[in-house]
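In this chain, residues are counted from 1 in sequence order.
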Amino acid sequence: MSQSLSSSPRRGAAAGALHWSGIAWFAVAAVGQVAFIGFILAFYGVRTAQGNFAAWNDKPLIDGYIAGDHAGNFVFAAHVLLASIVTLAGLMQLTPALRRALPTLHRWTGRSFIIIGVFMALSGVWLTLVRGTSLSTISSVAILINAVLILTFAGVAWRHAVKSRFEQHRQWAMRTFMVVSGVWFLRVGIMGWVLVNQGPVGMTNTLSGPADMVLTFGSYLIPLALLELYFAAGRSANGLLKLFTAAVVFAATVFTAAGVFGTIAFMWGPYL
Ligand code: HEM
């Protein structure tokens, strides 16, 4: 198939556009995820290391630090601090140069990504259902489905790796990356939407407006749908499908860039 692609300039150009759209999106996402890691360490990391747990609440949160709630505060701290590690591990897993140059590191960051991803989902469920941290029923349902998808996809990706089915493993690892990144996509989506519309159109302060519903469920369903389209276009010999998909991914890159700018400038930057 690679021969037939390279023998036709039009198909070759379409395959090239598809390839570069994926790289452009990943580069923008990597900048946004590194900013997320930096924010977590500079905000939660510094306050936790200083023992100043009450200062977690210096930024708007649903619950954060609650005096006397030792279990809840401990799980919250573990959840937010490990968020930086799982995000870093996910980025390292998807960087092909690193995977090729350091395969042993790739295996260890892969194991860490899956184990911490599972912990993130379970601790998130605990915070939502046991601690009772919730803005609205609909936003909690959306993030609980995200948790179920993380647990399912991480299990499937792990199983394919153990059985040495590397192509399936690669695809499920990318699906797992998309759902583990759901909470990051939600923040980027919210800020992208607010910037594009010059205001919180269709949003409420309990994340239950019509735009909120699209953003909360879409924070993992839209990236998963785009990933499937990208996989299908990559497999297909149809140059038009490749070009269409490249255009969609470039549009998603522009929206992601707006959202990344918004999170850094308005969501995280002001609290550092
Ligand atoms: C694996 C991906 C996840 C990452 C990277 C992540 C990251 C974070 C971060 C950074 C915070 C701190 C809040 C902030 O500063 O904005 C947080 C809080 C929280 N997360 Fe997660 N999370 C993940 C998955 C989940 C899941 C699957 C759930 C629920 C099922 C969940 C539920 C919560 C809750 C309830 C809070 C407390 C929010 C508050 O008090 O305002 N998280 N998470």
Could you check if a side-chain atom of L98 sits within less than 4.5 angstrom of a side-chain atom of H106, using non-hydrogen atoms only? no
Look up atom CG in N146 and atom OG in S181, then write down how far apart they are to the nearest 0.5 Å. 9.5 Å
When you group the ILVMFWY residues by side-chain heavy-atom contacts below 4.5 Å and let the links chain together, are V34 and F26 in the same group? yes
Hey, mind stepping through V260 and M191 against side-chain contact (heavy atoms from CB on, under 4.5 Å) and telling me if it holds? CA-CA 8 Å; V260 165; M191 294 315 297; over 6 Å; no
Considering all heavy atoms of both residues, which atom of M203 and which atom of D212 are nearest to each other, and what is their separation? CA-OD2, 3.2 Å
Closer than 3.5 angstrom, by distance alone: can the side chain of T263 be matched with the main-chain N or O of M267 as a donor-acceptor pair? no
Looking only at the side chains, is there a donor atom on one of S136 and T206 sitting less than 3.5 Å from an acceptor on the other? no
Check for me, please, whether V156 and I145 land in the same ILVMFWY cluster - side-chain distances under 4.5 Å, paths through other members count. yes
Could you check F76 against T133 for side-chain contact (heavy atoms from CB on, under 4.5 Å), going step by step and ending with a plain yes or no? CA-CA 10 Å; F76 179 87; T133 303; over 6 Å; no
Check whether any side-chain heavy atom of V46 sits under 4.5 Å from a side-chain heavy atom of L41, and report yes or no. no
Does NZ or CZ of R187 lie under 6.0 Å from the centre of the six-membered ring of W184, at an angle within 45° of the ring axis? no
Where do T256 and V28 land on the side-chain contact (heavy atoms from CB on, under 4.5 Å) test, with the steps shown first? CA-CA 7 Å; T256 307; V28 169; 3.9 Å; yes
If the condition is salt bridge (charged side-chain N to carboxylate O under 4.0 Å, His left out), which residues does R175 pass it with, not counting sequence neighbours? E228
All heavy atoms of A154 vs all of V118, minimum pair found to be CB-CG2, 4.2 Å
Side-chain contact test, heavy atoms from C-beta onward, threshold under 4.5 Å: evaluate it for Y230 versus S21 and give yes or no. yes
Scanning both residues in full, the closest heavy-atom pair of A157 with I114 reads CB-CD1, 4.2 Å
Mind checking whether Y44 and F39 have parallel, tilted or perpendicular rings, split at 30° and 60°? perpendicular
Hydrophobic cluster identity match, L135 and V80, side-chain contacts under 4.5 Å: yes
Within the supplied structure, the quantity of interest is the number of heavy atoms (other residues, nucleotides, ligands) at a distance under 6.0 Å from F74 CZ; does it exceed 12? no
Of all residues at least two apart in sequence or in a different chain, which pass the ring-ring contact (aromatic ring centres under 6.0 Å, His included) check with W158? none
Between N57 and R47, do the side chains contain an N or O donor and an N or O acceptor separated by less than 3.5 Å? no
Quick one: do V249 and L226 satisfy side-chain contact (heavy atoms from CB on, under 4.5 Å)? Show the steps, please. CA-CA 8 Å; V249 176; L226 289 182; 5.6 Å; no
State whether the number of non-hydrogen atoms from other residues, nucleotides or ligands found under 6.0 Å of Y65 atom OH is greater than 12. yes
Enter the distance from H79:NE2 to R131:CZ here, rounded to the nearest 0.5 Å. 11.0 Å
Can you tell me how far CD of Q93 sits from OG1 of T176, rounded to the nearest 0.5 angstrom? 10.5 Å
Working to the nearest 0.5 Å, report the span between CG of D58 and OH of Y271. 10.0 Å
Nearest 0.5 Å please: distance from the CZ atom of F43 over to the OG atom of S84. 14.0 Å
Any I143 side-chain heavy atom under 4.5 Å of V183 side chain: yes
If hydrophobic clusters are built from ILVMFWY residues whose side chains come within less than 4.5 Å, do I37 and M92 share one? yes
Report the relative orientation of the aromatic rings in F185 and W25; use parallel for angles under 30°, tilted for 30 to 60°, perpendicular for over 60°. parallel
Taking all atoms of both residues into account, what is the closest heavy-atom pair of L272 and A42, and its distance? CD2-CB, 3.7 Å
Is a donor on one side and an acceptor on the other found under 3.5 Å between the side chain of K242 and the backbone of S236? yes
Check whether V130 and I150 end up in the same hydrophobic cluster, where Ile, Leu, Val, Met, Phe, Trp and Tyr are linked by side-chain heavy atoms less than 4.5 Å apart. yes
Side chains of N73 and F53: does their closest heavy-atom pair fall under 4.5 Å? no
Evaluate the side-chain proximity of W268 to I40: yes if any heavy-atom separation is below 4.5 Å, no if none is. no
Verify the neighbour count for atom CZ of R165: are there more than 12 heavy atoms of other residues, nucleotides or ligands below 6.0 Å? yes
Atom of T216, atom of S139 and distance for their closest heavy-atom approach: CG2-CB, 4.4 Å
Parallel, tilted or perpendicular, as decided by the 30° and 60° cut-offs, for the rings of H169 and F166: perpendicular
Using every non-hydrogen atom in the two residues, find where A147 and V125 come nearest and quote the distance to one decimal. CB-CG2, 3.6 Å
How about W193 and N197: do any of their side-chain heavy atoms sit closer than 4.5 Å? yes
Heavy atoms, side chains only, cut-off 4.5 Å: are Q171 and L227 in contact? no
For a quick check under 3.5 Å, do Q33 and T87 share a side-chain donor-acceptor pair by atom type? no
Between CG of L207 and CD1 of I190, what distance do you get to the nearest 0.5 Å? 5.0 Å
With F153, which of Y220, F113, W172 fulfils ring-ring contact (aromatic ring centres under 6.0 Å, His included)? W172
Using modelled atom types only, decide if a donor and an acceptor are shared between the side chain of T95 and the backbone of L91 within a distance under 3.5 Å. yes
